[in-house]
Engineer: 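Below you'll find the structure I mean.
The figures that follow rest on heavy atoms only: side chains count, while hydrogens, waters and symmetry mates do not. Convention: sequence-line order gives letters A, B, ...; per-chain numbering from 1.
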Amino acid sequence: MHFWLFKSEPKTFSIDNLKKQPQQTTCWDGVRNYQARNFMRTMQVGDRGFFYHSNANPPGIVGIVEVVKTAHPDFTAWDMHSPHYDADSTPEHPRWFMVDVRLVEKFDRCITLDAIKQHSQLRSMQVARKGNRLSITPVTPAEWQTVLTLDNPRSDRSSR
DNA sequence: GCCAACGTTGGC
DNA sequence: GCCAACGTTGGC
């Protein structure tokens with residue numbers, strides 16, 4: 001299993017929107033970048049991802065999702081009324097794909113981009129790099145674990 | 001609203 | 001195949 005980071009602008013689709021979906025599940029449509037698409041095509045059911053709010057105040061990681069369906073054609077690409085319409089993608093030859101994700105957990109508080117950049121173990125995360133624009137990025141197991149300790153700072157003194 | 005960084009497009 | 005122009009992303 002692998003770890004990922006999914007970006008979304010909360011004005012478009014927030015973690016609270018996901019929470020309200022049936023089964024708290026959504027198809028991650030609208031990705032129109034080849035590198036991000038290729039990452040999605042490698043995802044397996046059971047892979048986990050951070051839900052990241054971009055263009056937010058503050059930007060940061062707000063929760064965890066789980067891949068529940070592997071990549072399948074993004075039908076919004078052939079919907080002329082969709083903002084993500086792409087005339088070069090057809091049902092016969094789909095160009096864009098999406099995975100389905102289910103909400104696992106919404107964090108009590110946002111792990112802000114600022115906190116990520118401040119953290120010696122996290123500042124190398126792709127999302128923290130200057131000029132990063134990829135909406136789907138891989139996360140290493142070490143980064144994953146470190147973010148989880150930030151979500152629950154007391155986990156390292158769980159005896160009390 | 002600004003603008004740096006990046007990906008894509010299209011003329012040549 | 002090069003690269004300038006353009007559109008988009010996303011932090012600030």
Side-chain angles (χ1 to χ4, degrees), chain A residues 2-21 26-43 47-67 70-101 103-140 142-151 153:
Chain A
H2 290 95
F3 299 112
W4 309 94
L5 181 142
F6 294 79
K7 264 188 212 172
S8 184
E9 301 195 18
K11 267 174 279 184
T12 306
F13 189 82
S14 71
I15 195 161
D16 288 325
N17 293 137
L18 176 57
K19 204 169 181 174
K20 289 182 214 137
Q21 296 296 309
T26 191
C27 39
W28 202 263
D29 64 303
V31 171
R32 296 292 180 270
N33 170 285
Y34 289 104
Q35 211 179 336
R37 179 202 69 179
N38 294 344
F39 282 137
M40 281 202 293
R41 296 185 78 167
T42 72
M43 290 182 188
D47 279 9
R48 295 218 158 181
F50 290 130
F51 195 117
Y52 178 90
H53 278 171
S54 62
N55 255 316
N57 192 10
I61 297 169
V62 290
I64 293 175
V65 296
E66 179 172 8
V67 175
T70 55
H72 53 105
D74 182 345
F75 50 80
T76 66
W78 56 71
D79 171 6
M80 282 189 55
H81 302 294
S82 165
H84 305 297
Y85 174 69
D86 179 356
D88 293 332
S89 186
T90 64
E92 294 74 31
H93 294 101
R95 170 182 290 192
W96 304 112
F97 290 79
M98 56 191 178
V99 294
D100 291 4
V101 299
L103 181 66
V104 172
E105 178 188 355
K106 180 188 171 183
F107 291 162
D108 291 335
R109 55 198 170 77
C110 176
I111 312 292
T112 64
L113 178 60
D114 186 56
I116 291 168
K117 285 178 170 172
Q118 298 289 329
H119 198 291
S120 60
Q121 316 278 286
L122 295 180
R123 58 170 142 257
S124 57
M125 283 184 79
Q126 269 190 243
V127 74
R129 292 183 199 162
K130 191 176 180 185
N132 159 72
R133 288 173 48 185
L134 257 192
S135 61
I136 309 271
T137 51
V139 169
T140 69
E143 290 163 348
W144 183 268
Q145 287 304 324
T146 303
V147 170
L148 293 190
T149 64
L150 290 187
D151 170 51

Engineer: In whole angstrom, give the distance that lies between atom CZ of R32(A) and atom C1' of dT8(C).
Structural biologist: 14 Å

Engineer: Atom NE2 of H84(A) and atom C1' of dT9(C): how far apart are they, to the nearest Å?
Structural biologist: 13 Å

Engineer: In whole angstroms, how far is the C1' atom of dG7(B) from the CZ atom of R95(A)?
Structural biologist: 13 Å

Engineer: On DNA chain B, compare the nucleotides closest to N132(A) and D88(A); which residue's is nearer the 5' end?
Structural biologist: N132(A)

Engineer: Rounded to the nearest Å, what distance is computed from the CZ atom of residue F39(A) to the P atom of nucleotide dG7(B)?
Structural biologist: 12 Å

Engineer: Looking at R32(A) and D86(A), does any basic side-chain N land under 4.0 Å from a carboxylate oxygen?
Structural biologist: no

Engineer: What distance do I111(A) atom CD1 and L113(A) atom CG have between them, rounded to the nearest 0.5 Å?
Structural biologist: 12.0 Å

Engineer: For a quick test of reading the model: is some side-chain N or O of K7(A) closer than 4.0 Å to OP1 or OP2 of dG10(C)?
Structural biologist: yes

Engineer: Round to a whole Å and report the spacing from CZ of R129(A) to C1' of dA4(B).
Structural biologist: 18 Å

Engineer: Does a side-chain N or O from K130(A) land closer than 4.0 Å to OP1 or OP2 of dC3(B), or not?
Structural biologist: no

Engineer: Return the value, rounded to whole Å, for the distance between atom CG of N33(A) and atom C1' of dT9(C).
Structural biologist: 11 Å

Engineer: Base, sugar-phosphate, or nothing: which does K117(A) touch, judged by heavy atoms less than 4.0 Å apart?
Structural biologist: sugar-phosphate

Engineer: Starting from P on dG10(C), measure out to CD1 on I136(A) and report it in whole angstrom.
Structural biologist: 11 Å

Engineer: Quick one about D79(A) and T76(A) (side-chain donor to acceptor, distance below 3.5 Å, no hydrogens or angles considered), yes or no?
Structural biologist: no

Engineer: Using whole Å, what does the distance between atom C1' of nucleotide dG10(C) and atom CE of M125(A) come to?
Structural biologist: 16 Å

Engineer: Do N132(A) and Q126(A) pair up side chain to side chain, a donor and an acceptor below 3.5 Å, judged on atom types alone?
Structural biologist: no

Engineer: Taking only N and O in the side chain of Y52(A), is any of them less than 4.0 Å away from OP1 or OP2 of dT9(C)?
Structural biologist: no

